Amino acid sequence: MFDLLAASEPAQLLPARSQMAFTLMFHIILVPLGVALPALMLLAEHRGLKRRDQAALTLARRWSHVAGVTFAVGAVSGTVLSFEMGLLWPGLTGKYGDVFGLPFAIEGIAFFLEAILVAIYIYGWKRLRPWTHFKLGLPIPFVALVGAFSIISANSWMNTPAGFTLGPDGWPTDIDPIAAIFNKALPWEFLHFVCAAYMAAGFTVASVYAVGWLRGRRDRYHRLGFLIPFTVAAIFTPVQMVVGDLIAVWLFKEMPVKFAAMEVVTNSGTHQPEIFFGRYDAATNTVSGGISIPNLNSILAGNSPDTYVQGLDAVPLADRPSNVNVVHWAFDIMVGIGTLLMLFVIWFAWHWWRKRDIPSSKPFLWIAASAGVLTYIAIEAGWIVTEVGRQPWIVYGFERTSSAVTGADGIWLSFAVVVVLYLVMAAGAITVLRAMARRWRRADIGEYGDAAVPYGPRPEVEASTEKAPS
Amino acid sequence: MTAADAVAVLVVLAVTLYAWSGLADYGAGFWDLTAGGREGGGRVRSLIDAVITPVWEANHVWLVYLLVLTWTAFGTAFASAMTTLYIPLMLAALGIVLRGANFALRKDAARAGRRHVAGMLFGLGAVLTPFCLGAALGGIIAGRVPPGNAAGNEVTSWWNPTSILVGLLAVAMGAFLAAVYLIAEAHRRGLPGLREYFRRRALWTGVLALLFGIGALVSLRGDSPQMFDRFVTRGGVLLAAGAVLLALTFMRAARGGVRGLRLLAAGGVAALVWAWGVAQYPYLLPFGLTIADGAGAPITQKWMLAWFGVALVTLVPALILLYVLDQRGELGEDPLTSLEAGEPGDLRP
Ligand code: HDD
Ligand code: HEM
Ligand code: HEM
């Protein structure tokens, strides 16, 4: 019924892919904040309550307000995504819905629970008793992980489909939704994504205070605001590097075509060089330009230059990702940024170990101020590797993207409207956040009279008056 | 009753929950849109803000649940509806974005005095989305959505008298529900002026909803006599119950009553939704696809049911907690401004 295939590419394919990619890449900006910001705010609140530290409490409270805004925008963009799964890809949801739909239902409930708990947390700051408030917030990061787990499971299923076989009519039979959830790519994608989310939230929040620090606001509040999230991100960074490397090796075995695309391996063979950037030409299956290091790719994939790596030539043109350059560049950008962030964390760790302080040199602060954006670029790049690298398959090895796309017209129009409205929504969210930051600053300077004492759950004793050591 | 039937019940339940929460939410947006000039409308808007702020982003969850449930349990029906009804459903999604964007914007624009323009956009989404969702549902009820990838007519499937009337019914019903909820909230907050304001509005939107409802039935009779018969015979009792409950709501509100008003209204809406469910059973897409034919793997249906059990056990206590804290006034902070929530009427600079 939905096999309206596809000798030539259906006209809706390009706009549908563009719209899906755009909305997902927008949604994914909010996701790390939804997944990891609650943990950061709880860490700050815990510290504030334990040490009666008013600055930490203020930070926790403000972060929770930011989480509220991003949560709301995430809910809106997520709702649109749910529509799009059917509006744009009826051949995916219509045909495979009963195979991989269950995790979406799990996600729906997990996010709802998270939304309720976040609402209680945010609205309860002043009126609930401090430790009660903290305890009510405690489940949030775990519920968020359940949600991330299930949605990542749906995505990893598209990469390594499981839990069904195709019957003679071309439709799935022998369906086992649990086997579909626990597919082979799941543990890798999930681990890698959780690390990415904590890195992104940590570095992004820290970068806000790094900017403040650069502008000379070197008080205890900014110091803590930098240190709490930065430490979290710094802990996840080396883990992320290890996981990333393991995924690459795993891909080499499980999805050789994607691996060949992301590393631009043109011809199968041993002694493959590692090529950084460069330009791939699909017509001739060659790479020009770029920096090439002999044997390195074989070594990375199998610990020996003799490792045989399957190249793009092993599959017909129709089964190769349509845009190898995008996949390859995205991969190099992700790995490049990861390496950079790793060096940066080492710099910080070294300095902290010697001096017990944040490095106060300008270059350090500049990098710190841009680390959040860099992490986000790495995340977007990583998703491009995953999604574009899977092409031309929507369900790897089973269903082509071109056969899953909708038969309805007018997708270019909806894509254009979506872009405009999302930009308005983004502008709205940024306006709200900036106005919030301005208000906080004013409150800190004392323009609000007695509101100048930042509030939080009533601490039993007066706030600590410790001063920043700067 | 098969597992697929039980999941179909969940689908109707999700529609009910979304009608209670989501429709009312759009209704509140509608009242915001029509609240009038900046000064006069200020008090109305701040009541609306205060009431919908605590839960507004959570309401979409029922819609999402509805979508996910249908594509997992009834993939073919889902894909057919999504492709044939592409236009109204895309517009509904865009309305949700519009609303989300402007809700955030508006909060802040309020302080900058630009509230009205942003509020207009916000309100537009609040009318567009329920109308389009209603029109899409109307198209399905009228049997204009055959199974297949964009197999039905992309325009007449939802732009026809039945669909349009169901769309208008959804808008009016949302406005009515919102007005009823707001009466209760205004009463709770001791604001007799606003209570009266929304009482009047509840009355005339109630009348409108009734007219649209009758109109939709009449039009359905011409469109799909078979479906009309099912509505009046099998769904007759529920239709009558819905009408009686809403009439009671109406009368109570007219006399200025407050207690039990929300429950009555919710019961009335639920009865109407269930009348549809009963009338359409066992068809997913009347009269081309039945539940039995359109259902996905039974094992998946069973897991959906099991997961619903888990959801009940986790969500219900959390929702009760939220509700209790809210009604006890233990929640009172506005995340969008990062200030303490103002009382209605208090538009702090
Ligand atoms: C903080 C961001 C970040 C950083 C620093 C890295 N990654 Fe990554 N990467 C992601 C964020 C990310 C991601 C956005 O989270 C992806 C997309 C899908 C996924 O599961 O994770 C991803 C996907 C992804 C994939 C594709 C997985 C698939 O298609 O199934 C590979 C092979 C790698 N990564 C490898 C690496 C390597 C070798 C890294 C560094 C040495 C690295 N990543 C650093
Ligand atoms: C559970 C998570 C996800 C699901 C279910 C999902 C699903 C899809 C689907 C159905 C498509 C269209 C078909 C295709 O091109 O294969 C797609 C494409 C795409 N997605 Fe994902 N996606 C997920 C996560 C993400 C994220 C988080 C991002 C980015 C930030 C992303 C980026 C893209 C891109 C760039 C494309 C276009 C690929 C192309 O057409 O070449 N995806 N995704
Ligand atoms: C096709 C892919 C996706 C769909 C259909 C989707 C759907 C949704 C929906 C419907 C919501 C709103 C939830 C609600 O209000 O109940 C949401 C929010 C959210 N989504 Fe997605 N999502 C997708 C991709 C992803 C990915 C890849 C992640 C990564 C883990 C993710 C993580 C989140 C998070 C954490 C939220 C909560 C909102 C926030 O904190 O910003 N989503 N998503």
Side-chain angles (χ1 to χ4, degrees), chain A residues 1-2 4 62 65 68-69 71-73 75-76 78-80 82-83 85-87 90-91 93-95 97-98 101-102 104-106 108-109 111-113 115-117 119-120 122-128 175-177 406-408 414 417-418 421-422 424-425 428-429 431-432 435-436 439-440, chain B residues 54-58 60-61 63-65 67-69 71-73 75-76 78-80 82-83 86-87 89-90 93-94 96-98 100-102 104-105 107-108 147-150 154 296-297 299-300 303-304 307 310-311 314-315 318-319 321-322 325 330-333 335-340:
Chain A
M1 206 175 302
F2 295 102
L4 46 41
R62 291 176 176 179
H65 292 165
V69 174
F71 210 85
V73 181
V76 171
T79 306
V80 174
S82 313
F83 270 97
M85 291 297 283
L87 289 174
T93 40
K95 189 163 162 186
D98 53 349
L102 185 60
F104 287 96
I106 298 177
I109 303 299
F111 287 148
F112 194 31
L113 193 57
I116 297 171
L117 292 173
I120 292 176
I122 292 177
Y123 296 110
W125 264 111
K126 259 212 132 165
R127 321 235 176 142
L128 293 170
I175 290 162
D176 179 355
T406 176
S414 71
V417 179
V418 160
L421 287 186
Y422 270 51
V424 174
M425 184 161 69
T431 314
V432 168
M436 215 185 243
R439 246 176 257 120
W440 292 340
Chain B
V55 281
W56 77 276
E57 82 276 69
H60 293 315
V61 85
L63 181 58
V64 170
Y65 189 61
L67 293 170
V68 170
L69 202 59
W71 93 51
T72 306
T76 316
F78 176 78
S80 310
M82 286 309 243
T83 45
Y86 177 81
I87 298 171
L89 292 174
M90 196 68 205
L94 292 176
I96 288 172
V97 182
L98 203 58
N102 287 284
L105 257 181
K107 275 277 177 181
D108 219 59
N149 187 347
E154 285 177 15
I299 171 94
T300 304
W303 276 108
M304 295 299 276
W307 182 249
V310 175
T314 50
L315 287 183
L319 272 172
L321 180 63
L322 180 65
L325 291 177
E330 303 244 33
L331 307 174
E333 186 158 301
L336 283 178
T337 53
S338 200
L339 294 171
E340 267 185 281

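Residue numbers begin at 1 in each chain, while the letters A, B, ... track the order of the sequences. These figures come from a predicted structure and were not determined experimentally. All values below were derived from every heavy atom in this structure, side-chain atoms included, with hydrogens, water molecules and symmetry-related copies excluded.
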Measure B/Leu67 against the heavy atoms of chain A and call it side chain, backbone, both or neither at under 4.5 Å. side chain
Which portion of B/Tyr86 sits near chain A, non-hydrogen atoms under 4.5 angstrom: both
Considering residues at least two apart in sequence or located in another chain, which fulfil the side chain to side chain contact (heavy atoms under 4.5 Å, CB included) criterion with B/Ile299? A/Pro177, B/Ala297, B/Trp303
Let me confirm one number: the CG-CD1 distance from A/Leu117 to A/Ile122, rounded to the nearest 0.5 Å. 11.0 Å
Is there a side-chain contact between A/Ile120 and B/Leu321 in this structure, where contact means two heavy atoms from C-beta onward sitting under 4.5 Å apart? yes
Pick one of side chain, backbone, both or neither for B/Leu69, based on which atoms fall under 4.5 Å of a heavy atom in chain A. neither
Portion of B/Ile87 that has a non-hydrogen atom of chain A nearer than 4.5 angstrom: neither
Test item: B/Phe78 and B/Thr72 side chains (from C-beta on) under 4.5 Å apart, heavy atoms: no
